[in-house]
Peer 1: 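Submitted below is the structure of interest, expressed as structure tokens.
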Amino acid sequence: METGSITEDYPHEIDEQLTGFDSSVNSMKTMIEKLISMPRNEPLQKLDPLDQAKLDLMSAYTLNSLFWMYLVTQGVNPREHGIKQELERIRTYMNRVKEITDKKKAARLDRGAASRFVRNALYDPEDKDSRKPKVSKKKTDEKSDPPQSKRTKTN
């Protein structure tokens, strides 16, 4: 066969899809090579335990998904293979991590603030007088009189 002519065993309609698939596989290959070349402990030391778990789960799910695709390309039905149970197991752990993350983000109840809201929502103007210490009428009369001048008038 000549090197210039290539016999193709697939329909020309899927040529664009295969080209896209090839470029995706090549970009994934370069990303995996970068990830493998880096020491595993380096990126993990910068993460908290929850993010470490997310990274591990994402890596496991990605690898199992790639194996799923490999089985499909080999003509094996992955739904009848053990990989399906493995992917389901990883999904359950991913959901558990998501629940933990959601609990962290959930609003906390500030009991003091809640009681102030309720108290102010139920405010009664007549109650206001009962909260303040009552001052006798005699003291209020003294306070209302204007202060007398200490200067004496000179004529």
Side-chain angles (χ1 to χ4, degrees), residues 1-136 139-140 143-144:
M1 278 196 191
E2 297 177 61
T3 58
S5 70
I6 300 173
T7 58
E8 298 176 358
D9 294 338
Y10 61 90
H12 293 286
E13 294 85 27
I14 63 170
D15 190 41
E16 185 178 316
Q17 294 171 337
L18 288 176
T19 305
F21 178 74
D22 185 50
S23 66
S24 297
V25 167
N26 286 332
S27 66
M28 186 172 52
K29 181 180 176 184
T30 58
M31 289 171 36
I32 289 174
E33 286 172 352
K34 286 180 187 177
L35 188 63
I36 290 173
S37 68
M38 202 181 336
R40 180 162 160 64
N41 291 335
E42 184 179 316
L44 286 178
Q45 289 174 349
K46 299 174 186 174
L47 300 175
D48 65 345
L50 190 61
D51 288 335
Q52 288 177 5
K54 287 179 183 179
L55 180 66
D56 288 339
L57 286 170
M58 184 219 34
S59 299
Y61 192 81
T62 302
L63 289 173
N64 282 297
S65 297
L66 288 172
F67 188 68
W68 175 287
M69 288 186 259
Y70 171 75
L71 290 174
V72 170
T73 61
Q74 298 302 308
V76 177
N77 186 359
R79 289 184 178 93
E80 296 171 359
H81 193 272
I83 194 70
K84 182 177 181 185
Q85 288 79 20
E86 185 65 18
L87 284 169
E88 288 297 322
R89 185 180 70 85
I90 294 170
R91 275 192 207 120
T92 59
Y93 286 121
M94 291 172 97
N95 288 335
R96 288 173 67 184
V97 167
K98 186 176 185 294
E99 288 174 11
I100 292 169
T101 305
D102 291 345
K103 282 183 183 178
K104 274 186 156 182
K105 291 180 184 178
R108 305 267 182 210
L109 177 64
D110 183 0
R111 291 178 189 232
S115 65
R116 287 191 300 273
F117 282 133
V118 171
R119 183 180 65 230
N120 290 331
L122 301 175
Y123 175 75
D124 186 14
E126 294 176 11
D127 251 1
K128 182 179 179 183
D129 296 334
S130 66
R131 288 185 194 161
K132 291 184 178 179
K134 294 192 178 191
V135 181
S136 68
K139 285 188 178 181
T140 54
K143 287 182 182 177
S144 62

Peer 1: Between atom NZ of Lys34 and atom CD1 of Ile36, what is the distance when rounded to the nearest 0.5 Å?
Peer 2: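 Interatomic distance, Lys34 NZ to Ile36 CD1, rounded to 0.5 Å: 13.0 Å.
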Peer 1: How many angstroms lie between CD1 in Ile83 and CE in Met69, if you round to the nearest 0.5 Å?
Peer 2: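 Between Ile83 CD1 and Met69 CE, I get 11.0 Å after rounding to 0.5 Å.
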Peer 1: Checking Met28 now: which residues fulfil side-chain contact (heavy atoms from CB on, under 4.5 Å) with it, not counting sequence neighbours?
Peer 2: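 side-chain contact (heavy atoms from CB on, under 4.5 Å) list for Met28, sorted by chain: Ile32, Leu66.
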Peer 1: Minimum heavy-atom separation for Leu57 and Val97, please, with both atom names.
Peer 2: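 The answer is CD1-CG2, 3.7 Å.
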Peer 1: Rounded to the nearest 0.5 Å, what's the gap from CG on Asn95 to CD1 on Ile100? Could you check?
Peer 2: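 Here the rounded value is 11.5 Å.
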Peer 1: Considering residues at least two apart in sequence or located in another chain, which fulfil the salt bridge (charged side-chain N to carboxylate O under 4.0 Å, His left out) criterion with Lys84?
Peer 2: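 For Lys84 there are no salt bridge (charged side-chain N to carboxylate O under 4.0 Å, His left out) partners, ignoring immediate neighbours.
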Peer 1: Just to verify, what does Gln52 make a side chain to side chain donor-acceptor pair (under 3.5 Å) with, not counting sequence neighbours?
Peer 2: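 Not a single residue meets the side chain to side chain donor-acceptor pair (under 3.5 Å) criterion with Gln52.
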Peer 1: Measuring only between side-chain heavy atoms, which start at C-beta, is Asn26 closer than 4.5 Å to Thr30?
Peer 2: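 They are not in contact (no side-chain heavy atoms under 4.5 Å apart), so the answer is no.
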Peer 1: Is it true that atom CD of Glu16 has more than 12 heavy atoms of other residues, nucleotides or ligands lying nearer than 6.0 Å?
Peer 2: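 Count not over threshold, so no.
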Peer 1: Asp102: which residues meet the side-chain contact (heavy atoms from CB on, under 4.5 Å) condition with it, sequence neighbours left out?
Peer 2: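 So Asp102 forms a side-chain contact (heavy atoms from CB on, under 4.5 Å) with Lys98.
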Peer 1: Grab the two heavy atoms, one from Ser23 and one from Gly20, that are nearest each other, plus how far apart they are.
Peer 2: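 It is OG-O, 2.9 Å.
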Peer 1: Measuring only between side-chain heavy atoms, which start at C-beta, is Leu63 closer than 4.5 Å to Phe67?
Peer 2: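 The answer is no; the side chains never approach within 4.5 Å.
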Peer 1: Can you list everything that forms a side-chain contact (heavy atoms from CB on, under 4.5 Å) with Lys104? Sequence neighbours excluded, please.
Peer 2: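 If we apply the side-chain contact (heavy atoms from CB on, under 4.5 Å) test to Lys104, skipping adjacent residues, the hits are Asp48, Leu50.
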Peer 1: How would you list all residue pairs meeting side chain to side chain donor-acceptor pair (under 3.5 Å) that involve residues 55-73, not counting sequence neighbours?
Peer 2: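 Residue pairs passing side chain to side chain donor-acceptor pair (under 3.5 Å), neighbours aside: Arg40-Asp56, Tyr61-Arg91.
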Peer 1: For Arg116, which residues count as a salt bridge (charged side-chain N to carboxylate O under 4.0 Å, His left out) partner, sequence neighbours excluded?
Peer 2: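 Listed in chain order: nothing, the list is empty.
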Peer 1: Does anything in residues 71-82 form a salt bridge (charged side-chain N to carboxylate O under 4.0 Å, His left out)? List the pairs, not counting sequence neighbours.
Peer 2: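 As it turns out, there is no salt bridge (charged side-chain N to carboxylate O under 4.0 Å, His left out) pair with a partner in residues 71-82 once direct neighbours are skipped.
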Peer 1: The criterion is side-chain contact (heavy atoms from CB on, under 4.5 Å); which residues satisfy it with Arg96, sequence neighbours excluded?
Peer 2: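 Counting only residues at least two positions away or on another chain, Arg96 forms a side-chain contact (heavy atoms from CB on, under 4.5 Å) with Tyr93.
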